[in-house]
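Taking it in order: structure first as structure tokens, then the write-up.
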Amino acid sequence: MNKSILSTITRAALTDFQKAVYCATALIPKGETRTYAQIAAMIGRPRAARAVGNALNKNPFAPAVPCHRVIRSSGALGGFALGSATKKRLLKQEGAL
DNA sequence: CATTTTTACAAAT
DNA sequence: ATTTGTAAAAATG
């Protein structure tokens, strides 16, 4: 309903946490990868790896932030809005894999 | 504004 | 592989 849309727009303003996540993710050097835990630790929330993934998922700067460089500690690519296949391909292209 | 649900994680079992 | 713990946003009321 309209209420949901309004709620989304109201919260569309980036929070400090989101800003930190996008910044840290954008700082990842090309050809390297970071785990969600590393990003979380970088921004001061070492226990918020999950929240980091959440922020990247909503990532309003889709092409601005290299979310494809962020993977899980287990080595899994995690998820990707454009599909895990695309993410894997991008990492391979950069030489991260 | 408070409460509940969901989530692209991580560590332990 | 399954369970538990943690953190934040979106949805719901």
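Each chain gets a letter, A, B and so on, in the order the sequences are listed, and its residues count up from 1. Just the heavy atoms: all of them, side chains too, but no hydrogens, waters or symmetry mates, feed the values below.
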To the nearest 0.5 Å, what is the distance between [atom1] on [X] and [atom2] on [Y]?
X: A:N54; Y: A:Y36; atom1: CG; atom2: OH; answer: 10.5 Å
X: A:C23; Y: A:M42; atom1: SG; atom2: CE; answer: 9.0 Å
X: A:E94; Y: A:L90; atom1: CD; atom2: CG; answer: 6.5 Å

Assign A:G79 to base, sugar-phosphate, or nothing according to its heavy-atom contacts below 4.0 angstrom with the strands shown.
base

How would you label the contact of A:F17 with the nucleic acid (heavy atoms, under 4.0 Å): base, sugar-phosphate, or nothing?
sugar-phosphate

Compare side-chain N and O positions of A:T15 against OP1 and OP2 of C:dA8 and report whether any pair is under 4.0 Å apart.
no

Using OP1 and OP2 only, check whether a side-chain N or O of A:R45 sits under 4.0 Å from C:dA8.
yes

Measure the distance from [atom1] on [X] to [atom2] on [N] and round it to the nearest whole Å.
X: A:Q18; N: B:dT7; atom1: CD; atom2: P; answer: 17 Å
X: A:N57; N: C:dA10; atom1: CG; atom2: C1'; answer: 11 Å
X: A:Q38; N: B:dA11; atom1: CD; atom2: C1'; answer: 15 Å

Of the listed nucleotides B:dA8, B:dA11, C:dA8, the one nearest the side chain of A:K87
B:dA8

Name the closest nucleotide to the A:R47 side chain, picking from B:dA8, C:dT6, B:dT7.
C:dT6

Before accepting this row, confirm whether a basic side-chain N of the pair A:E32/A:R34 lies closer than 4.0 Å to the acidic partner's carboxylate O.
yes

